[in-house]
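What follows is a short report on a single structure.
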Amino acid sequence: MSVHTLPARGLPLLLLLALALTGCVDAAPETKIHIDGSSTVFPITEAVVEEYARAHPEARITVGVSGTGGGFRKFCRQEIDVADASRPIKESEQRDCAQRGVRYTDIRVGYDGLAVVVHPANTWVQSLTVQELKRLWEPAAQHRVTRWKHLRPEWPDAEIHLFGAGTASGTYDYFTQAIVGTAHASRGDYTASEDDNVLVQGISTDRLALGFFGYAYYEANRAKLKLVPIDDEKPENGAGPVAPSIETVKNNSYAPLSRPLLVYVSRPAGRRPAVQAFVHFYLEQAPRLAREVGYIPMPAEEYRREQAKFAAFVSQSHP
Amino acid sequence: MNSMARNRLADRIFRVVGLLATLLGLLLLAIFLWGLLRTGLGRLSGQFLSSLPSRFPERAGIYTALLGTVWIMVLTALLAVPLGVAAGVYLEEYGRKRRWAALLEINITNLAGVPSVIYGLLGLEVFVRFLRLGSSVLAAASTLALLILPILIVATREAIRAVPRSLREASLALGATRWQTIWYQVLPASAGGILTGIILALSRAVGETAPLLVIGVLAYVPFAPSQPLDEFSALPVQIFNWISRPQHEFGVNAAAAIIVLLVITFGLNGVAIYLRNRWRQQLP
């Protein structure tokens with residue numbers, strides 16, 4: 001019987017192969033860079049890594065999207081070298097890093113604006129004030145501010161359908177901090193998704209919808225959505241309602257819904273030439289790539305300042 | 001109408017209902033495949049298969065994800081097959097009279113029904129964190145090996161159970177030990193069933209997404225793994241990543257990648273059916 005020999009010869013061979021495969025554990029940690037964190041910063045980091053890998057084929061850089069908070073957790077556990085963040089590191093996260101003896105520096109690579117949008121057939125909303133947004137999104141609004149006329153009496157007596165970033169995203173942290181005043185405080189009765197595409201789909205198919213997400217997603221879906229200008233009622237920030245645009249985010253008049261894009265580099269990572277080269281490349285390419293992925297680059301002198309700051313961090317890192 | 005005519009009518013009605021039920025499944029599959037092929041087939045090309053991931057949908061390819069999937073498949077098989085077959089042989093040939101073997105049996109059947117995301121959480125704690133494997137090919141393959149182990153054990157047991165008693169008795173009567181009987185008679189005779197089980201289990205492992213996402217398989221890996229501790233991407237993760245992007249062109253890429261994944265799983269299932277038929281003919 002020919003089938004006789006199959007398992008007899010096959011099994012030891014398989015085991016040998018398994019040993020051989022697990023035996024050649026030979027990592028080249030010098031060229032590896034692990035990046036994880038904010039899904040907001042991901043597009044620009046991805047673009048930079050793609051360009052960098054094209055110029056340096058030996059580089060082994062991976063990018064994950066665990067969210068800003070998830071990224072910092074891994075960062076402080078030293079599971080990653082660079083953390084993408086769409087907000088500055090929180091005090092609790094700073095403590096976490098300090099406890100584990102992880103020192104780091106933050107580097108600003110650009111800006112993002114949050115867009116508040118409604119369905120294109122929405123004829124009544126021409127602008128919103130930060131106060132109105134707060135009344136709409138604060139925890140006390142749940143089950144109480146449920147119709148458009150609750151916001152302004154002249155608006156229709158129709159349900160308002162809310163869409164927003166999921167509670168694990170940096171976008172949610174940022175929106176609640178900027179609008180409600182406390183991070184992570186909002187009503188719970190809205191359609192939440194970590195996936196901005198789901199939000200775009202939801203708002204663009206619902207005439208009574210209102211939602212918020214990154215300006216980049218508005219740019220990519222301009223035709224399906226109507227942008228709402230925001231008035232923070234502080235004349236020093238530009239009087240009246242301001243719509244987000246490259247100009248209004250850069251000159252800070254689209255407050256409070258624009259935010260910095262940051263990358264954090266740990267001290268052990270900063271000692272490695274591969275990481276240094278990568279961060280330099282990042283800041284060099286950020287002005288072009290930020291615009292390409294729909295974010296807002298900083299003025300050139302700010303990039304020079306960040307380069308100098310990182311160079312100082314590197315020279316301090318060496319004992 | 002007498003009772004015989006009524007029964008005939010009932011028979012005919014059941015036949016039509018059964019036919020409709022079968023057609024419904026086939027129709028849904030056809031609609032799904034048609035939509036998929038219409039969207040994705042035009043995107044499939046050598047360039048798509050051999051390109052690195054990219055932020056430009058027209059430049060992006062599945063090279064790293066495809067290699068990642070192949071790596072996972074091979075490593076998962078290497079880890080799960082010896083364990084699963086050995087456990088199946090033990091339970092069927094040695095341990096079947098013990099009381100706790102019955103308990104084991106119930107637990108293994110239950111394990112086969114545990115949602116895959118739970119295995120992902122287990123893999124995250126045990127392989128990624130505790131054993132410090134990181135989000136590597138090895139960690140993912142170990143997790144998927146755990147996931148398909150119950151399927152393998154059940155398949156092995158069923159294949160072994162189908163081996164006629166007379167074959168064992170003849171071997172033992174000729175003076176062979178129990179182990180010799182298993183190695184030279186039972187395993188070769190049940191190899192078809194075991195291989196079928198292995199391939200079906202692997203085709204399930206290849207399509208799994210949830211455990212990979214939980215153990216942290218990364219969104220963007222612009223290189224193929226070269227050893228088991230390398231980070232990697234996999235086809236299901238790449239598809240998930242593309243679908244969650246707002247640009248429509250990435251949806252087309254995802255459809256093309258789904259076609260590749262389907263070809264792999266259909267191919268594996270086809271091999272399984274072929275093996276099953278071949279071995280069935282050979283058995284006395």
Side-chain angles (χ1 to χ4, degrees), chain A residues 1-8 10-11 14-15 17-19 21-28 32 34-36 39 42-47 49-54 57-66 70 74 77 79 194-201 216-217 219-221 289 292-293, chain B residues 52-56 59-60 71 74-75 77-79 81-82 85-86 128-129 132 134-138 141 182-192 194-195 216-223 225-233 240-241 243-248 250-251 278-279 282-283:
Chain A
M1 233 158 106
S2 65
V3 283
H4 256 182
T5 52
L6 192 120
L11 276 182
L14 280 180
L15 288 174
L17 211 73
L19 279 176
L21 274 173
T22 43
C24 60
V25 173
D26 166 44
K32 276 192 176 179
H34 295 129
I35 309 174
D36 203 337
S39 56
F42 175 77
I44 180 168
T45 298
E46 179 199 38
V49 172
E50 187 180 343
E51 295 302 315
Y52 189 76
R54 193 163 296 141
E58 76 287 356
R60 305 217 125 194
I61 310 178
T62 61
V63 192
V65 271
S66 305
K74 290 187 175 178
R77 284 164 176 256
E79 289 172 8
E194 316 291 346
D195 180 352
D196 296 305
N197 198 29
V198 172
L199 301 176
V200 170
Q201 288 293 335
Y217 281 90
E219 282 276 285
N221 297 279
L289 295 176
E292 188 197 293
V293 299
Chain B
L52 298 175
S54 167
R55 65 190 186 283
F56 302 109
R59 212 191 275 170
W71 265 88
V74 173
L75 269 186
L78 288 178
L79 292 167
V81 168
V85 172
V128 177
R129 299 241 160 98
R132 299 195 155 271
S135 304
S136 59
V137 187
L138 190 58
I182 292 170
W183 191 250
Y184 292 107
Q185 303 304 331
V186 177
L187 278 182
S190 56
I194 294 176
L195 273 178
V217 172
L218 298 151
Y220 185 72
V221 184
F223 55 86
S226 57
Q227 45 107 347
L229 286 181
D230 270 348
E231 294 75 15
F232 72 105
S233 188
F240 179 77
N241 177 274
I243 282 181
S244 53
R245 293 189 184 220
Q247 296 94 330
H248 168 73
F250 279 114
R278 231 192 87 176
W279 252 273
Q282 282 197 4
L283 264 191

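The chains referred to below are lettered A, B, ... by the order of the sequence lines, with proteins before strands, and numbering in each begins at 1. Computed from a predicted model, the values in this text were never measured in an experiment.
- Heavy-atom distances place both the backbone and the side chain of A:Glu46 under 4.5 Å from chain B.
- Here the OH-CD distance, from B:Tyr220 to A:Glu50, works out to 4.0 Å after rounding to the nearest 0.5 Å.
- In this structure the side chain of B:Glu231 never reaches within 4.5 angstrom of the side chain of A:Arg60, judged on heavy atoms.
- Considering CZ of B:Arg55 and CD1 of A:Ile44, their distance stands at 10.0 Å, rounded to 0.5 Å.
- The local environment of CZ in B:Phe240 is sparse, with at most 12 non-hydrogen atoms from other residues, nucleotides or ligands closer than 6.0 Å.
- Atom CZ of B:Arg59 has more than 12 neighbouring heavy atoms from other residues, nucleotides or ligands inside a 6.0 Å radius.
- Between A:Lys32 and B:Asp230, the closest heavy-atom pair is NZ-OD1, 3.2 Å.
- The candidate from B:Pro222, B:Ser54, B:Pro53 with the greatest count of non-hydrogen atom pairs under 4.5 Å with chain A is B:Ser54.
- Atoms CZ and OG1, from B:Phe232 and A:Thr62 in turn, are 11.5 Å apart once rounded to the nearest 0.5 Å.
- Within the 4.5 angstrom heavy-atom criterion, only side-chain atoms of B:Arg129, from C-beta onward, approach chain A.
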